[in-house]
There are 2 protein chains.
Amino acid sequence: MTTDDDRRLDHAPPGDGDLDTRKAAILNAVVTEYIGSALPVGSQHVVDAPGVSVSSATVRSDMAALERDGYLTQPHTSAGRIPTDKGYRFFVDQLGGPGPLDPGGRQQVRQFFDHAHGEIEEMLEHTSGLLADLTDCTAMVVGPSHESAVVRSVQLVGLGHRLALVVVVLADGAVQKQSIELPEDADETVLSEAGGRLVVHALGTPLAQVATSAGPSGNPTVDLVVAAGIAALRSLGVADGHDQLFVGGSSRMAAAFDAVETVRSVLTILEQQLVVVSLLRDILDTGLTVAIGAEHGVEPLASCAIVVMPVSVDGVEAGTIGLLGPTRMNYPLALAAARVVGDRLGERLSEAAR
Amino acid sequence: MTTDDDRRLDHAPPGDGDLDTRKAAILNAVVTEYIGSALPVGSQHVVDAPGVSVSSATVRSDMAALERDGYLTQPHTSAGRIPTDKGYRFFVDQLGGPGPLDPGGRQQVRQFFDHAHGEIEEMLEHTSGLLADLTDCTAMVVGPSHESAVVRSVQLVGLGHRLALVVVVLADGAVQKQSIELPEDADETVLSEAGGRLVVHALGTPLAQVATSAGPSGNPTVDLVVAAGIAALRSLGVADGHDQLFVGGSSRMAAAFDAVETVRSVLTILEQQLVVVSLLRDILDTGLTVAIGAEHGVEPLASCAIVVMPVSVDGVEAGTIGLLGPTRMNYPLALAAARVVGDRLGERLSEAAR
DNA sequence: GGCCAGCACTCACTAGAGTGGAGTGCCAAC
DNA sequence: GTTGGCACTCCACTCTAGTGAGTGCTGGCC
């Protein structure tokens, strides 16, 4: 039964992160099994796994060692083992990054991007749905920040009642707006004069680098409006991560846990866009791709794992993809899907920015 | 104990939707109690309620009658009663519309709208959060449709690569965009010429009433671009309900049910914007304010009730507020909150449109 | 020294019996 | 029509085996 498969593993280097080859194989088998069944895994279920050509007794003693070392744990004595966060961590590290996506998934991704149309926000939104479908996780998509996008057009539109709208079109196709208050004596002429000056001031400049002030025009009212417009532009340039998060498939969290209280607390986190965006940012900043259990500091997500993948637009990390699931999520699938979708999304966004 | 309070009810007209005064009082007491406790209500818990100055034995026989008539049901023999959908319906009808909001809630609403700032989308989003906080329900806010909003500004911005963006600013401060493909030979001149013609064509017109075609300009390329721009404008005028729904507090659904499967199916519905928007639309169209259980046709929401409230902008029903909770939701609170917030939101939007 | 069959042990899970209590329906009396 | 009294029902809870998956240990074997 276990004849050919093992050779590869038997001859692998002995030290694989403190674990000998067989222990690693057993750990992987436990993790894989548990991800599939969500049931504690006994020694008997592991003996047939590749790389484990020993009896259940030997597996037991190895499992005991793995438990001593903190990779596995028992819900109670005389139950099977389930992986600890450390166990999942080993499993994930040993995967060595995303593998290929299964053909069905690849097909689904291809179809999606072939038919993806419409505006960028719509596409990001749908992408989160696609990822959720592919992985059965909750998907988070953070759109590219507009900080460095070049201003293609600025417009000042009066709305009446001392209110005007600064409308900016950026090179990546994003449209931003910000309302400003007008001084009492600002009429159409002032608005159009100020609009013209804003165009001269900001056109062709990255949003975050719009200069703080423009020269005087001779008309103090115009100067006031221009100043307000510049302030509005600059405030749009600050990436507050507020308006660019798309969460898809949050209902999957309900399927992932059977404690309704866990579901509630996870959903509560997901409602806080700022928390989610900075969480993903933090994980990326620590250089991780997967954050398991307590590794990210967010307490209510202690029983969750997060897979993050940067989305590169023209070679620059611009957006982020995140997948949220229980710690026993399907890591190989999640990693593969995140990579493939991230790459394709990046390509798409790069094309659009060109 | 029950002396003064009853007189009002004792002298009420005998037929209140097929129920005599005392039965109605008992039904109301059961509903109120059950909304608070989520536990089946026994005859003993009802004898102290206003309008019920009889013994538990009498209450029992009335309850039996109410069950025969379909207002109450028993989870099992020898358990207390819980209201049926019909029972909730009677309760809600007898409320006769929204009552006043409690002072704390009023205060919260006032504070919110005093400090509400920023763009319309942001405000709608935050409004959904406010409603969820007030009522402990999931809140849905459908923004005003832009069909009838007057075009304040049209702009054609080239994005390179045979792509341009039609950017429309509407009188209510909304900004819409739609990308169009350009013919091979469209250069900056064509773009600006076409942009100018679009302005002439659409400015001051309600979005849904933009005429289908403009006269020829003499330059076939310009005509092509203008046609594409008009098509884009008209497509924006179609209220597909896609981009104007804001759902807040979906985590509250997890707290409302203890069956995780129910939570999952409800969340799945909430993820389908189109379904939610048309559901609210349907309920409003049937002239209801509250849809209980099976009254709306959506099967996965059979254990939910929905409170809807139109939001009037300048006297015209423009947006919608919806509250989703379990059938045993706090109807008086939900109705009061929806009314107050809906009114204030309407005022706010009317101001902005002026 | 590493591996393994055998064995005693642990403990969640299930089913069944017993009990308490909340609640009902019915009835005779007022 | 209303009420107190009473027998009855049935859930929720507890307790008690019994079962079985799974463990740790041990002594013998290669």
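Naming convention: chains lettered A, B, ... in sequence-line order (proteins, then strands); numbering from 1 in each chain.
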| field | Passing option when B/Asp62 is tested against B/Arg81, B/Arg68, B/Arg22 for salt bridge (Lys or Arg N to Asp or Glu O under 4.0 Å) | value |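 Considering B/Arg81, B/Arg68, B/Arg22, a salt bridge (Lys or Arg N to Asp or Glu O under 4.0 Å) with B/Asp62 is found only for B/Arg22.
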| Would A/Tyr331 and A/Ile35 satisfy side-chain contact (heavy atoms from CB on, under 4.5 Å), going step by step from the backbone distance to the final call? | CA-CA 9 Å; A/Tyr331 293 99; A/Ile35 284 174; 4.0 Å; yes
| request: Answer with base, sugar-phosphate or nothing: what part of the nucleic acid does A/Gln44 contact at a heavy-atom distance below 4.0 Å? | output: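 Nothing: the residue A/Gln44, judged by heavy atoms under 4.0 Å, touches no strand.
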| task | Rounded off to whole Å, could you give me the CE-to-P distance for the A/Met63 and D/dC25 pair? | result |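 Roughly 15 Å, once rounded to whole Å.
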| message | Please report the distance, rounded to the nearest Å, between CG in A/Leu66 and C1' in D/dG24. | response |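 The answer, rounded to whole Å, is 15 Å.
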| Between atom CG in A/Asp62 and atom C1' in C/dG1, what is the gap in whole Å? |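 My rounded result for the distance is 14 Å.
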| said: Please classify the nucleic acid contact of B/Ser43 as base, sugar-phosphate, or nothing, using heavy-atom distances under 4.0 Å. | reply: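 Since only primed, P, OP1 and OP2 atoms lie under 4.0 Å of B/Ser43, the category is sugar-phosphate.
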| Interatomic distance where CG belongs to B/Leu72 and P belongs to C/dG25 [whole Å] |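 Whole-Å distance recorded here is 11 Å.
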| query | For D/dA12, does OP1 or OP2 lie under 4.0 Å from any side-chain N or O of B/His76? | reply |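 No, outside the criterion.
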| query | Nearest of C/dG23, C/dG25, D/dT23 to any side-chain atom of A/Gln74? | reply |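 Nearest listed nucleotide: D/dT23.
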| task | Report yes if a side-chain nitrogen or oxygen of A/Arg22 is closer than 4.0 Å to either non-bridging phosphate oxygen (OP1 or OP2) of C/dG2; otherwise report no. | result |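 The answer is no; no side-chain N or O of A/Arg22 sits under 4.0 Å from OP1 or OP2.
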| query | Out of C/dC11, D/dG24, D/dG22, which nucleotide sits closest to the side chain of A/Glu67? | reply |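 Of the options given, the side chain of A/Glu67 lies nearest D/dG24.
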| field | Minimum-distance nucleotide to A/Val54 side chain [options: C/dC4, C/dC3, C/dG25] | value |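 The listed nucleotide nearest to A/Val54's side chain is C/dC4.
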| said: Both B/Ala57 and B/Ser78 contact DNA chain C. Which one's nearest nucleotide lies toward the 5' end? | reply: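 Residue closer to the 5' terminus by nearest nucleotide: B/Ser78.
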| task | Figure out the CZ/C1' separation between A/Arg60 and C/dG2, and round it to whole Å. | result |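 Result: 16 Å.
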| said: Give me the atom names and distance for the closest heavy-atom approach of A/Leu288 to A/Val308. | reply: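 Heavy atoms of A/Leu288 and A/Val308 come nearest at O-CG2, 3.7 Å.
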| field | Atom-to-atom span, CG of A/Asp20 to P of C/dC3 - whole angstrom | value |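 These atoms are roughly 9 Å apart.
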| Could you give the OH-to-P distance, from A/Tyr34 to D/dG22, as a whole number of Å? |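 Rounded to whole Å, this separation is 14 Å.
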| said: Counting only side-chain heavy atoms from C-beta out, which of C/dA22, D/dT2, C/dC4 sits nearest to A/Thr58? | reply: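 Of all the options, the side chain of A/Thr58 is nearest to C/dC4.
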| Nearest-0.5 Å distance, OG of residue A/Ser251 to CG of residue A/Leu267 |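 Here the interatomic distance stands at 9.0 Å.
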| In residues 79-86 of chain B, what residues come within less than 4.0 Å of DNA chain C, judged by heavy atoms? |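 Result for residues 79-86 of chain B: B/Ala79, B/Gly80, B/Arg81, sorted by number.
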| query | Does the distance from a Lys or Arg side-chain N to an Asp or Glu carboxylate O, for B/Arg89 and B/Asp85, drop under 4.0 Å? | reply |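 Result for this pair is no, no salt bridge flagged.
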| request: Identify the heavy atoms of B/Pro83 and B/Leu72 that sit nearest to each other, and give their distance. | output: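 Between these two residues, the closest heavy atoms are CA-CD2, 3.8 Å.
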| said: Parallel, tilted or perpendicular, judged at 30° and 60°: which one describes the rings of B/Tyr71 and B/Phe90? | reply: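 The rings of B/Tyr71 and B/Phe90 stand perpendicular, inter-plane angle above 60°.
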